[in-house]
*Asks:* 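The structure is given below, and queries will be raised subsequently.
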Amino acid sequence: MTHQHPYHLVDQSPWPLTGAISALMMTSGLILWFHINSSILFILGTILLILTIINWWRDIIREATFQGFHTLSVSKGLRYGMILFITSEVCFFFAFFWAFFHSSLAPTVELGVSWPPTGITPINPFLVPLLNTAVLLSSGVTVTWAHHSILSGNRIEAIQSLLLTVILGIYFTILQAWEYFDSPFTIADSVYGSTFFVATGFHGFHVLIGTAFLAVCLARLYSFHFSSHHHFGFEAASWYWHFVDVVWLFLYICIYWWGS
């Protein structure tokens with residue numbers, strides 16, 4: 001059946017439902033893990049989420065390439081959708097910064113009327129956090145290099161620069177895990193620990209998502225799915241990655257440097 005319009009009417013899909021179920025299982029599983037030390041539900045939710053992501057990405061890639069559903073009108077709508085999504089993410093992180101400054105600008109008696117609170121040794125901002133800043137800023141340069149290479153039709157340079165971006169994203173995650181392992185305080189250490197680990201932890205989670213996003217784009221680029229005029233999947237990933245970079249700069253300046 002052919003449509004007399006440029007829009008894509010999506011087929012019925014189970015993936016939004018399985019994604020919602022996996023998110024419920026993961027959040028509930030975290031609560032059980034924290035309170036009764038049972039991680040089974042969280043692991044099952046994670047597996048279901050991974051399977052959902054793989055299949056959902058497969059369907060969208062099929063629509064964008066072999067089925068040809070992503071027309072100019074559809075791509076324009078996808079751009080608006082990605083802009084709105086990133087806007088919602090800005091509001092998401094704004095809440096964490098609000099919580100941090102609410103507690104740090106006027107520390108209560110329970111915190112020792114000081115920030116960081118009495119008894120907490122903050123992480124040195126000029127060690128691993130500074131290195132992570134250099135890593136993320138470098139990845140922003142390489143992903144921009146990849147974008148310009150795609151626009152100019154230089155496939156080899158695009159693959160090389162995007163591969164380097166993925167490697168830098170993985171390196172950032174390893175460094176942050178190392179930082180968490182060596183941290184002198186925990187998430188249970190007053191509001192300082194809570195705001196620190198929630199804000200930086202959710203950012204780390206976004207880095208993982210962005211790295212996976214870019215890795216999928218790398219595989220698509222290798223499989224000739226992108227051209228100089230049709231590559232919004234990569235553009236969306238690069239927008240997301242630049243957003244992650246900017247959030248990290250605010251985290252580093254406010255929480256790591258000023259907050260210490």
*Asks:* Please report the shortest heavy-atom distance between Val135 and Leu168, naming the atom on each side.
*Replies:*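 Closest heavy-atom pair between Val135 and Leu168: CG1-O, 3.3 Å.
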*Asks:* Evaluate the side-chain contact (heavy atoms from CB on, under 4.5 Å) criterion for residues Phe100 and Phe196: first the C-alpha distance (whole Å), next the side-chain angles of each, then the deciding distance (0.1 Å), finally the verdict.
*Replies:* CA-CA 8 Å; Phe100 173 77; Phe196 175 86; over 6 Å; no
*Asks:* If I compare all heavy atoms of Cys217 with all of Phe226, which pair ends up nearest, and what's the gap?
*Replies:*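 Scanning both residues, the minimum pair turns out to be O-CE1, 3.5 Å.
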*Asks:* Quick check: Tyr252 with Trp258 (ring centres under 6.0 Å apart)?
*Replies:*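 No.
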*Asks:* Would you say the ring centers of His231 and His147 fall short of 6.0 Å from each other?
*Replies:*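 Centroid distance His231-His147: below 6.0 Å, so yes.
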*Asks:* Of all heavy-atom pairs between Pro122 and Tyr192, which one has the smallest distance, and what is that distance?
*Replies:*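 Shortest heavy-atom contact: CB-OH, 3.3 Å.
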*Asks:* Picking from Phe202, Phe243, Phe85, what satisfies ring pair (Phe, Tyr, Trp, His ring centres under 6.0 Å) with Phe92?
*Replies:*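 Only one of Phe202, Phe243, Phe85 forms a ring pair (Phe, Tyr, Trp, His ring centres under 6.0 Å) with Phe92, namely Phe202.
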*Asks:* Using side-chain heavy atoms (C-beta onward) and a distance below 4.5 Å, is Ser103 in contact with Trp115?
*Replies:*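 In short, these two side chains touch, coming nearer than 4.5 Å.
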*Asks:* Between atom OG of Ser190 and atom CD1 of Ile120, what is the distance when rounded to the nearest 0.5 Å?
*Replies:*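 If I round to the nearest 0.5 Å, the distance is 3.5 Å.
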*Asks:* What pairs with Thr133 under side chain to side chain donor-acceptor pair (under 3.5 Å), at least two apart in sequence or on another chain?
*Replies:*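 In terms of side chain to side chain donor-acceptor pair (under 3.5 Å), with neighbours along the sequence ignored, Thr133 is linked to Trp248.
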*Asks:* Cut-off 3.5 Å, side chains only: do Glu179 and Tyr256 have a donor facing an acceptor?
*Replies:*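 The criterion, which ignores hydrogens and geometry beyond distance, is satisfied for Tyr256 and Glu179.
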*Asks:* If you round to the nearest 0.5 Å, how far is CG of Leu163 from CD1 of Ile167?
*Replies:*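 Ile167 CD1 to Leu163 CG: 4.0 Å, rounded to 0.5 Å.
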*Asks:* Other than Ile31, what residues sit in its cluster of Ile, Leu, Val, Met, Phe, Trp and Tyr side chains whose heavy atoms are under 4.5 Å apart, directly or through others?
*Replies:*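 Once heavy-atom contacts under 4.5 Å are chained together, Ile31 still belongs with nothing else.
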*Asks:* Return yes if a side-chain donor-acceptor contact under 3.5 Å exists between Ser139 and Thr165, otherwise no.
*Replies:*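 No, no side-chain donor-acceptor contact under 3.5 Å.
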*Asks:* Would you check if the distance from the ring center of Phe93 to the ring center of Trp98 is below 6.0 Å?
*Replies:*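 Not under 6.0 Å, so no.
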*Asks:* To which residues is Leu44 joined in a hydrophobic cluster, defined by side-chain heavy-atom contacts under 4.5 Å among Ile, Leu, Val, Met, Phe, Trp and Tyr, whether direct or through other members?
*Replies:*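 Same cluster as Leu44: Leu17, Ile21, Met25, Leu32, Ile36, Ile40, Leu41, Leu48.
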*Asks:* Under the salt bridge (charged side-chain N to carboxylate O under 4.0 Å, His left out) test, which residues partner Arg62, sequence neighbours left out?
*Replies:*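 For Arg62, the residues satisfying salt bridge (charged side-chain N to carboxylate O under 4.0 Å, His left out) (neighbours in sequence not counted) are Asp59.
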*Asks:* Can you see which heavy atom on Leu221 is nearest to which on Arg155, and at what distance?
*Replies:*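 Where Leu221 meets Arg155 most closely, the heavy atoms are O-NE, 3.4 Å.
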*Asks:* Is the distance between the ring centroids of Trp239 and Phe213 under 6.0 Å?
*Replies:*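 Judged by ring-centre distance (under 6.0 Å), Phe213 and Trp239 do not meet the cut-off.
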*Asks:* Please list, chain by chain and in numerical order, all residues satisfying side chain to side chain donor-acceptor pair (under 3.5 Å) with Thr108, sequence neighbours excluded.
*Replies:*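 Residues passing side chain to side chain donor-acceptor pair (under 3.5 Å) with Thr108: Glu110.
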*Asks:* Please check if the side chain of Ser194 supplies one atom and the backbone of Ile187 the other of a donor-acceptor pair under 3.5 Å.
*Replies:*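 Confirmed, Ser194 side chain pairs with Ile187 backbone.
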*Asks:* Locate the shortest heavy-atom distance separating Ser22 from Gly45; write the atom from each residue and the value.
*Replies:*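 Looking at all heavy atoms of both residues, the shortest contact is CB-O, 3.4 Å.
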*Asks:* Between Phe172 and His203 (judged by ring centroids, cut-off 6.0 Å), do the two rings come close enough to count as a pair?
*Replies:*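 Judged by ring-centre distance (under 6.0 Å), Phe172 and His203 do meet the cut-off.
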*Asks:* Kindly state each residue pair satisfying side chain to side chain donor-acceptor pair (under 3.5 Å) with at least one member in residues 82-95, sequence neighbours excluded.
*Replies:*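 Qualifying pairs, neighbours excluded: Glu89-His206.
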*Asks:* For the residue pair Phe101 and Phe97, does the interplanar ring angle fall in the parallel (under 30°), tilted (30 to 60°) or perpendicular (over 60°) class?
*Replies:*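 Geometry flag for Phe97 against Phe101: parallel rings.
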*Asks:* On a heavy-atom basis, which atom in Trp241 and which in Gly140 lie closest, and how many Å separate them?
*Replies:*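 Looking at all heavy atoms of both residues, the closest pair is NE1-N, 4.2 Å.
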*Asks:* Would you say Tyr180's side chain and Gly201's backbone share a donor-acceptor pair under 3.5 angstrom?
*Replies:*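 Yes.
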